[in-house]
Amino acid sequence: MTGFQAVGTNAKFPELEEGILQFWKDNHIYKQSLELRKDGPSFVFYEGPPTANGLPHPGHCLTRAIKDVFPRYKTMRGYRCLRKAGWDTHGLPVEVEVCKELGIHGKSEIEKYGIEPFIQRCQQSVWRYMQEWERLTERIGFWIDLSEAYVTYHQSYIESIWWSLKSLFDRGLLYRGHKIVWWWAQGGTALSAGEVGQGYREVADPSVYVKFPLEEDPSLSLLVWTTTPWTLPSNQFAAVNPDLTYAICSFPEPTALAAGTDAPSTATSNVNANTPAASVDGSRIIVAQALVQSLSDKLKRPLAIDSLISGSELVGKYYKPPMDYYYGKSKAEVGTLKAGGQQRPSWRIVPADFVTIDSGTGAVHMAPAFGEADYDVLNQQKLLFVDGEAPPLICAVDSEGKFTSDCPDYQGIWVKDADKLIVRRLREEGSLLHFEQYVHDYPFCWRAEADPLIQYPRESWFVRTTQFRDSMLENNSKIRWMPEHIRDGRFGNFLASNVDWALSRERYWGTPLPIWVCEATSKMDAVASYDELLKKPGITGTEVWLKAKAANPELVEDLKVHKPYIDAVTYDSPFSKGSRMTRVTEVIDCWYDSGAMPFAQWGYPHKNHEQFADQFPADFISEAIDQTRGWFYSQLAISTMVFGPTPKALAHSLEQIDAQKPTDAPKQNFVQNTDQGQRDFPHPFKNCIVLGLMLAEWYESKDAKQRFLTEEEAKDACGKDYVSKSGKMSKSLRNYRSPNEIFDRFGADALRWYFYANQPPWNSILYSERAIRDSIPEFLLRLWNVFSFFTIYAEMDGFSGPADISAKLDQLTPEELSQSPTYRPIADRSELDRWMLSEVAAATEDVIAKMDSFDSYGACQVISQLVDSLSNWYVRRSRSRYWSSDKKSTDKIDAYWTLYESLLTISKLIAPFVPFMAESIWQQLTKPVGSQVRTSVHLCDYPTADASIVDRQLGVRMKLLREISSIGRSARMEAKLKVRQPLSRVEVTLADATHQTWLKDHDDIAKEELNVKEIQYSSGSSPYVEYVVQPNLRKLGPRVGSMLPKLKAALAKADGATLLDQMTTNGKISLTLEDANGAKSIDLDGEDILVRLQAKEGWAAAQGHGCVVVLATALTEELIQEGIARDAVRLIQDQRKAVGCDFADRIEIGITTASQAIADAINNHKAFIEGETLATRLDVHVVEALPAEDPALQDLGEYPVLLVIKTVSSSASPKS
RNA sequence: GCGCGCGUAGCUCAGUUGGUUAGAGCGCGUCCCUGAUAAGGACGAGGUCCGUGGUUCGAGUCCACGCGUGCGCACCA
């Protein structure tokens, strides 16, 4: 039979954790934990795949910490929670990284380098930081199955995506469209909305006000405003709002106008009918009436309004564009309108209701090639004309963002560089009315920060997500978002303004779009797997991959479904005999990759049908808020489209699509016929914790030249000349410490607890190193000290807990522990023991309730409170019981069992949160029974609370007792009476007599806490206390309403004690209140009032919420002597420690003093002092005077003494 | 510009359905206790709950507007 081993208080948590990690690894604890629950109900968790081609930072730690705690909790609660890791591997970031490595830039250079070697490098590059990621994952204690991670470039993953895309394609949900996209000209690719959003930056662009002269009167011009002068050569329309009123303005001489009789000196928005002003040069402009004033201010010259004209009257007028590259050639062309008649297609004023008077001139230059709204206008205009006579798209810029030969003046010039040239020319030609710099946000490429994006017409593949807007909103409404406001706020808004998903990317490293086109008919076919492709008739091109593989056997097989190998594969067209089917060149947006993860991680539906059925949808996911439009959206969109019902409007068109297919092609509805069929809402996840962003905190020297991560470092280096900063985490600023350093300094548990217990997870969090450090003593160390206390004494006393149990042991549940012959029923133990175990059980109930509703923050607060109760009340109050010399005393054994059981339960309670410390405590606590019990706390069931143990009333009472002690100490402090000095008496006056009897019965504790001989409780009148009767607003508010202020005043005015007497005698208080309508009487019963106590002035008293504690401060000779004796004990104990005595060493004591009072006190309490200090001899010498300067002199109370102690023997017993 | 958060002590943050004296930790100050001791604890100072207006008997909490701040979104022409 072995016992416990004492554990030191100065634990090095990081080292401890490394040991635990090794233990988990050696014993496959994670695997065992899954195995144990293999028949349990499932709790489905999805890992949002991180990208491993960058180093993990503290934000990833938060995500991983939150992701870990719920699966661990659920597993302990009996659920089977698989945790499949995953890696996001495709996309532009990888390509950019490789380009940097190769020192190349842009698509043409990639193609020069060769797509094949480029792809191979991409595939290798994504694993660059794999080890760091795996190390972080493991070190922080995130239990997830890394060995079977899903990887987005794997063939089976890609084939799942292909299957889903085929399903979309076959249902007509995938289409090729001409759209204005945000185009990265240098990179030669469109960017997704999410990517564009990341790259907005504030820049100053040229802002020009340009005249568009009307053909009917060239001296009259529509004035337009644009910040993209380079789009002017491609001008096609000018738009006005037909509902706005426009003003025709001239430019009067400022002086002439000022001299005018009744003319205003500056522009006016009223028509000046009396003074038809003459423009200096005879020219006039048209602007929105509402903007005349602001325009005049901007131009710093007066504008005179000659007349007004409605927008609708302007519509249809022809104008001459400011730059003539197409106008001169085509101005004479006309097109036939569907409605009859003819019209010039371009350079016409058109109506557009999006034109506003928020800024500019109320007239908008339209270059449909370079603006989405402009493009829509063109499409509307096209509809007006008969086929073939509609306006073409005018575009003077090529896909590299350079002017084409259409525009010889600027041919080959990058559009942004042309701005300056164009502005100069406009000025020279007199069409520029005003120029300024305009500061606004403009998107840049998020990877190549110097490259501005331009809007550009591009052929691209789209997914008809707009058709599913309602379904997605419906699904969204079923998701439990934490915080709640995400649902209707950020995410809901995003869904409501959904636009079709621009899916394709004209890039290289990504999932190839599985669509093959017939070279003759342009008809298309989607392919759901590589095998399906191989079975196509007349297939060729697969040898390209085989050759490459033969030449380099190292190539991973997955590359064969990537560019360029897949592009080589062609087959016979089913649409046109003798023609070939060739794959389109695009790859897809990598957000689609991650969003397909719910099924693609299993390779579904090509395999693993059971796994998918079992693991869809997820019960729980969590990522940071930046994933709203990323993974949260892509998952929802894809699952809704692939597994949800097809909207009615679409179902109709599906029949037409089917009708057009070759006869051997599969019909569209195969998706609906899978073994899954339609799924219940919500999918694909039920609960989602949206994490806040993490900001960094750091310090800088005032000259901003030095940066520090802690205040101490800043102080050391700069004295007071430093400032605190906070902001985005930035690799280049190095304003945060790497997670690894945090682990080495403080440990993973400290970091985890900091994340869980410091704020709700959705709050944005300031990554503060000091806060991480501080979370250690607040919780981890406090618990560890209690644990250490237990082991020290248990070892000393030979308490070995469950070692004497002969029955089978497993998890050391209370039932198992109760088999021990020394374990007494809880009901038989002391109040304190019952209280502690009740607190543990109550906390267990609370933690379970909180965790079941995903409130990890709340759960941590409960746990923290519990540990505080254990440390600062239970152990504090029970210390003497462990010191007792009678090792077999029932009380002592009870104390051990109670503490032991509490620690055991706590180790299980904290296991999901701080898995290392939990494990460490569990293993030490189970040492006496070794291999009989589960080897890891993580293999145990989560504790459940025995309701019969929970005594909430006892909890309330103990809290009151703690409050009385606390208030008493406050009173002592006030009276400057240190606790070592015994007092004769305290009087405690309670506001509420309910608990008085109980307190009286248990006042030993308070007596000892306050070091008093007697405690008197009362709740009646007291000379020290004033009573204040206050209304119970919560009860009375609804009843008396507006009379409440009067009632409040009446109670405040009345004497509290009298009111209370009334209440005691009559059971009610009757008040008469004056109202506007006269007097009104109100009866208050006991529940309508609250009694508050206030200590009267002049007493050593202190007040709390429900009680007042008054000290009897008079000291008798006896009390003083006892105080001295306790001082002496303290002095001797210090000395013992100073000379290195062991716990049990016996000593002899000699005290020399000049004070007879000291000598008398010590002699009168000799036995007490000897007992406390393990002294076998205590001599006091009284001398005339002590040598004043002797450094060995110490203060005993008010007098100096000389203290000598000598170790005489060692003993096994600590106290006797 | 629009949308969504946030704004509470020197700092980092809690604050449940509106309710009486707004809390915690750190830091600071004063002190206590001490064989859990390279720990532990108490007490104190410190608050215009961003501002203004409103609803209400009653607002840190609800509403409106404004200011500051963070994030997201674009018809930023």
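Chain letters run A, B, ... following the sequence lines, proteins first and then strands; every chain starts at 1.
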Base, sugar-phosphate or nothing for [X]? Non-hydrogen atoms, less than 4.0 Å.
X       : result
Y857(A) : sugar-phosphate
R972(A) : nothing
P483(A) : nothing
V224(A) : nothing
S788(A) : nothing

Would you please name every residue forming a side-chain hydrogen bond (donor to acceptor under 3.5 Å, both in side chains) with [X], sequence neighbours left out?
X       : result
R773(A) : none
Q627(A) : none
S864(A) : none
W481(A) : N476(A)

>> For a quick test of reading the model, state the closest non-hydrogen atom pair linking T791(A) to Q5(A) and the distance between them.
In response: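 T791(A) and Q5(A) have their closest heavy atoms at CB-O, 3.4 Å.
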Who does [N] pair with, Watson-Crick or G-U, both distances under 3.5 Å?
N      : value
G58(B) : none
C75(B) : none
G44(B) : C28(B)
G53(B) : C63(B)
U69(B) : G5(B)
G23(B) : C13(B)

Check the distance between [N]'s [atom2] and [X]'s [atom1] and give it to me in whole angstrom.
X       : N      : atom1 : atom2 : result
L903(A) : A36(B) : CG    : P     : 15 Å
W225(A) : C76(B) : CH2   : C1'   : 7 Å
I776(A) : C26(B) : CD1   : P     : 13 Å
F494(A) : G72(B) : CZ    : P     : 13 Å
Y209(A) : A77(B) : OH    : C1'   : 11 Å
D797(A) : A36(B) : CG    : P     : 13 Å
Y375(A) : A77(B) : OH    : P     : 20 Å
F632(A) : C73(B) : CZ    : C1'   : 18 Å

> With under 30° as parallel and over 60° as perpendicular, where do the rings of Y882(A) and Y793(A) fit, or are they tilted in between?
Replying inline: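 Ring orientation of Y882(A) relative to Y793(A): tilted.
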Does [X] have any side chain to side chain contact (heavy atoms under 4.5 Å, CB included) partners at least two apart in sequence or in another chain, and if so, which?
X       : answer
P982(A) : N1011(A), K1013(A), L1119(A), E1122(A)
S497(A) : none
R969(A) : R876(A), S965(A), S966(A), E1009(A), L1010(A)

>> I'd like to know if R1130(A) pairs up with D1134(A) as an ion pair, taking the criterion as any Lys NZ or Arg NE/NH1/NH2 lying under 4.0 Å from an Asp or Glu carboxylate oxygen.
In response: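 Looking at D1134(A) together with R1130(A), the answer is yes, because their closest N to O distance falls below 4.0 Å.
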>> With a 4.0 Å cut-off on N to O distance, would you call D868(A) and K959(A) a salt bridge?
In response: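 A salt bridge is absent here (no side-chain N lies under 4.0 Å from a carboxylate O).
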> So does R879(A) get a side-chain nitrogen or oxygen closer than 4.0 Å to the phosphate oxygens (OP1/OP2) of A36(B)?
Replying inline: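 R879(A) to A36(B) OP1/OP2: side-chain N or O found under 4.0 Å.
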> Can you find a side chain N or O atom of Q759(A) that sits less than 4.0 Å from OP1 or OP2 on C13(B)?
Replying inline: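 Answer no for this pair, as no side-chain N or O of Q759(A) is under 4.0 Å from OP1 or OP2.
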With distance as the sole test, does [X] use its side chain to make a donor-acceptor pair with the main-chain N or O of [Y] at under 3.5 Å?
X       : Y       : result
T226(A) : T228(A) : yes
S871(A) : R782(A) : no
N235(A) : F237(A) : yes

> Between A77(B), G40(B), A39(B), which nucleotide has the shortest distance from any of its atoms to the side chain of N785(A)?
Replying inline: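 Among A77(B), G40(B), A39(B), the one nearest the side chain of N785(A) is A39(B).
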>> Side chain of H365(A), heavy atoms from C-beta onward: which of G35(B), A77(B), G40(B) has the nearest atom to it?
In response: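 Between G35(B), A77(B), G40(B), the one nearest the side chain of H365(A) would be A77(B).
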Taking only nitrogen or oxygen atoms into account, show me every contact under 3.5 Å that the protein makes with nucleotides 6-9 of chain B, one pair per line with its distance.
none

> Tell me the salt bridge (Lys or Arg N to Asp or Glu O under 4.0 Å) pairs involving residues 481-492 of chain A, sequence neighbours left out?
Replying inline: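 Counting only pairs at least two positions apart or across chains, no salt bridge (Lys or Arg N to Asp or Glu O under 4.0 Å) contact touches residues 481-492 of chain A.
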Name the pairs: protein N/O against N/O of nucleotides 62-71 of chain B, kept only if under 3.5 Å.
residue	atom	partner	partner atom	Å
C71(B)	O2'	R490(A)	NH1	2.8
C71(B)	O2	R490(A)	NH2	2.5

> Taking the nucleotide of RNA chain B with the closest heavy atom to each, which residue, Q455(A) or V786(A), is nearer the 5' end?
Replying inline: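 Of the two residues, V786(A) wins.
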> Relative to the 5' end of RNA chain B, which residue comes earlier, N758(A) or R980(A), by the nucleotide with the nearest heavy atom?
Replying inline: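 Nearer the 5' end of the strand: N758(A).
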> Are a donor atom and an acceptor atom from the side chains of S234(A) and T231(A) found within less than 3.5 Å of each other?
Replying inline: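 No.
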For nucleotides [N] and [M], find the distance between their [atom1] atoms and express it as a whole number of Å.
N      : M      : atom1 : answer
U56(B) : C62(B) : C1'   : 10 Å
U8(B)  : G70(B) : P     : 15 Å
C67(B) : U21(B) : C1'   : 31 Å
C65(B) : C2(B)  : P     : 11 Å
G46(B) : A22(B) : P     : 14 Å
A9(B)  : A24(B) : C1'   : 11 Å
G35(B) : C31(B) : C1'   : 22 Å
G58(B) : G54(B) : C1'   : 15 Å

Restricting to nitrogen or oxygen on both sides, can you table the protein-nucleotides 41-45 of chain B pairs closer than 3.5 Å?
residue	atom	partner	partner atom	Å
G41(B)	OP1	R782(A)	NH2	2.9
G41(B)	OP1	N872(A)	ND2	3.0
C43(B)	OP1	S966(A)	OG	3.0

Identify all pairs in which a protein N or O lies below 3.5 Å from an N or O of nucleotides 16-18 of chain B, and state each distance.
residue	atom	partner	partner atom	Å
U17(B)	O4	R1034(A)	NH1	3.2

>> Please determine whether ring-ring contact (aromatic ring centres under 6.0 Å, His included) holds for the pair Y754(A) and F746(A), giving the CA-CA distance in whole Å, both sets of side-chain angles, and the decisive distance to 0.1 Å.
In response: CA-CA 11 Å; Y754(A) 162 71; F746(A) 310 119; over 10 Å; no
